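Bear in mind the structure is a predicted one, so any value in this text is a computation, not a measurement. All values below come from the heavy atoms of this structure, side chains included, with hydrogens, waters and symmetry mates left out.
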Protein chains: 2
Amino acid sequence: MNKRNATSADVAILAGVSQSTVSRSFDPNSRISKTTRQRVFAAAEQLGYQINKAAQTMIKKRSDLVGLVTAGLEDPFRSEFLHKLIVEVQNSGLRPMVMDVSDKETIDEELHGLIQYQLSGVIITSGTPSENIGKAFIRHAIPVVLVNRTEHSDEADIVNLDNESAGAMAAEAFIKSGKTNLVVVRSKKPSFSSVMRVKGFLNYLAPFLNSEKVRATEVLCEAGNYDSGYQIADKILTSQHKPDGVFFCMDHIACGFLDAAKLFVTAKEMQSIGVIGCDDIALASFKAYDLTTVRQSSTEIAKASVQTLLNRLKSPTSVPSKQAIPAELIYRSTLAKPITN
Amino acid sequence: MNKRNATSADVAILAGVSQSTVSRSFDPNSRISKTTRQRVFAAAEQLGYQINKAAQTMIKKRSDLVGLVTAGLEDPFRSEFLHKLIVEVQNSGLRPMVMDVSDKETIDEELHGLIQYQLSGVIITSGTPSENIGKAFIRHAIPVVLVNRTEHSDEADIVNLDNESAGAMAAEAFIKSGKTNLVVVRSKKPSFSSVMRVKGFLNYLAPFLNSEKVRATEVLCEAGNYDSGYQIADKILTSQHKPDGVFFCMDHIACGFLDAAKLFVTAKEMQSIGVIGCDDIALASFKAYDLTTVRQSSTEIAKASVQTLLNRLKSPTSVPSKQAIPAELIYRSTLAKPITN
DNA sequence: AATAGTTGTGCATACGTATGAACAACAAAA
DNA sequence: TTTTGTTGTTCATACGTATGCACAACTATT
């Protein structure tokens, strides 16, 4: 019952060929006669032969594993994104090895461990690896793709959301709807996405702030989650300058805000206050929120990230690429689409 | 720059010892003099030596990878659970290799591919592998842990939620609250969890159905998601026997129902209709829903699953285990806790 | 002092695959 | 016929680690 796994040598014997012929039979680019290949496949089938990836990795000096580095998975957007990445990696014939580096001070050390696996590549979606660690991967010839990170590595490929224009789109939507008293909310702890979104938001508004009666205030909440949005509603809705438009850098902060808003403001009044979120997580489309939001398609980012990695594997020496995935405004009920534009 | 990775042989030369001594230095159970070990560590440090997992796997005939098999990640409970699993696997010193088998007819074939990786184990959380595939893993001496699956394998370890008692707890809560006209909702497509939850629910009620004026109806919705709950609300709330207690086999169906309920029933009337969900996903605790639910602690299930795998690795020949993780009723506002019990 | 046991190290080999080099058989060109 | 080229196969080796065996240097026991 517990018989040893069949090896290519076993298959070779059964098929009456050499081990190298077996190996080559599984390589489409090798010169193998049709009949021999068939004989080998038959023998492999009969023995239930499965290639030994460890041995293969040793020879090729490259496994088919891709490291997916993330920090924390409570954030629904990150979670959704990781799933998309997993699927994309799998579809490309590689295998995702996930690594969670949340609340680790020792990210570098953790990441270093990945070198042991002869990875085909690493996609870093969060955490703040040091410059050194990136170089360590490069030195070991392991391609690195940075997704939505501040690091401006000259050696890694970079895929970013177009956070700045996402913020600008929200601002533009408010202006077109005639909103004049605006608030933008982000988590106290600065993340790359949030900071850039706020920047884009305020930059778009800059010309209006002087010439017209538009005001824009930045408000910080505790963290990037539902509860923080719930807590911050009080402050925003009871201020002397009650806003008529609020942009949240993350959808779930917006959702928390919307739930809490009912405590301070009537449903009718709430209709006059425009709310825009960012990301378009699944929750945003739930009827309870029906949140107007700036969508960052996690699917597209995931596809772009994996494709970038594959390109790099094909041409290891090409110049590092840098691309931004465009955002898209999704109108729902928390800010109606203006009749004309 | 592109210098070859340092190997144990390189370290050996630098430290002035043999390669075997280097290897043994990294094994805590080997007899190595303190001074030698220090010298080896210093040399390893200096060269940036990282062990080659592929070579190690080849010798040990076992990698430190654990296959996590899931089907689809849209379902928040599955998603949460996968994350917990990832963390637990990582904490145990192993590496999670995730595999999504959603909408694949070819689960068997996909799973078969995992054998190539000399996995330390496989944790199957969804999908329906055939009997054969399980046996294939066993034959290759790869431990399998089945989580919340119907399969009654005699060879794999099994970790189940205690779905039946979860359903019973919901029923008990309704009875204690004096509810008499009950409905239980599950997805049309039968899943192991749902079926067992309904079973537990109805079994608990059985004695009441005749002797007292209690009725219980099973209702099927389209799928196990928010939208299905939203759609089914109409049917439930406009039936001639409008229920005063509804149990949903999944929280997000309940959430969809709650949002749609506002269209058919006043908020005041809704207060008299008890609603209980199941799982206690993050959404359930959001203020918009504040859903009373039967919690199945994903953390505990994840811990138990990984622990089960570790136990199996320690004693490969012990009898397959089977355990059920208890459920817990979380009272929130959709069904208030009875004053006394 | 002789024997037995313990500790620390090196030698040699196995693990299963991929691949460059060599070569045989045969076909095509001269 | 000789030369050149093509096709299909085998041989031999490398990849980097773990580990059984042998053995030397000590230590403890008799």
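Remark: B:T308 pairs with B:Q323 by the side chain to side chain donor-acceptor pair (under 3.5 Å) rule, at least two apart or across chains. Qualifying side chain to side chain contact (heavy atoms under 4.5 Å, CB included) partners for B:F41, counting only residues two or more places apart in sequence or in other chains: B:S25, B:F26, B:R37.
Residue A:S120 comes nearest to A:L313 through the heavy atom pair O-CD2, 3.3 Å, listed as atom of the first residue, atom of the second, then distance. In terms of heavy atoms, A:S298 sits closest to A:K84 at OG-NZ, 3.0 Å. When all heavy atoms of A:Y117 and A:M97 are compared, the closest pair comes out as CD1-CE, 3.9 Å. The nearest pair of heavy atoms linking A:P326 to A:D162 is CA-CB, 4.2 Å. The two residues B:V147 and B:S305 come nearest to each other via the heavy atoms CG2-OG, 3.5 Å.
The backbone N or O of B:A71 sits less than 3.5 Å from a side-chain atom of B:R78, completing a donor-acceptor pair.
For the pair A:D64 and A:R95, the salt-bridge criterion is not met [side-chain N within less than 4.0 Å of a carboxylate O].
Under the 4.5 Å side-chain criterion, counting only non-hydrogen atoms from C-beta, A:S79 is in contact with B:H83. Counting heavy atoms from C-beta on, the side chains of A:V17 and A:V22 come closer than 4.5 Å. A heavy-atom distance below 4.5 Å is not found between the side chains of A:V69 and A:T125.
Using a 4.0 Å cut-off, some side-chain N or O of A:K61 falls inside it from OP1 or OP2 of D:dG16.
Annotation: proximity of residues 32-44 of chain A to DNA chain D (heavy atom, distance under 4.0 Å) is found for A:I32, A:S33, A:T36, numbered in ascending order. The stretch residues 11-27 of chain A touches DNA chain C through A:Q19, A:S20, A:S23, A:R24, each having a heavy atom within less than 4.0 Å of the strand.
Regarding B:I59, its CD1 atom lies at a distance of 14 Å from the C1' atom of D:dA14, rounded to whole Å. Summarising the geometry, the separation between NZ on B:K53 and C1' on C:dC15 is reported as 17 Å, rounded to the nearest angstrom. Rounded to an integer number of Å, the gap from CE of A:M58 to P of C:dA18 is 12 Å. B:Q50 has its CD atom 14 Å from the P atom of D:dG16, to the nearest Å. Atom CG of B:N29 and atom P of D:dA18 are 13 Å apart (whole Å). The CD-C1' distance, from A:Q56 to D:dG16, rounds to 16 Å in whole Å. Residue B:Q116 contributes atom CD, which lies 13 Å from atom C1' of C:dT17 at whole-angstrom precision. Straight-line distance from the CG atom of A:D10 to the P atom of C:dC15: 11 Å, rounded to whole Å.
Heavy atoms from other residues, nucleotides or ligands lying under 6.0 Å from CD of A:E300 number 12 at most.
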Under 3.5 Å, which protein N or O atoms sit close to an N or O of nucleotides 22-24 of chain C? Give each pair with its distance.
none

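In the helix from C:dA1-D:dT30 to C:dA30-D:dT1, the end axes, each obtained as the rotation axis mapping the C1' atoms of four pairs onto the next four within a five-pair block, lie 40° apart to the nearest 10 degrees.
For the residue pair B:N311/B:Q307, the side-chain donor-acceptor check at 3.5 Å is satisfied.
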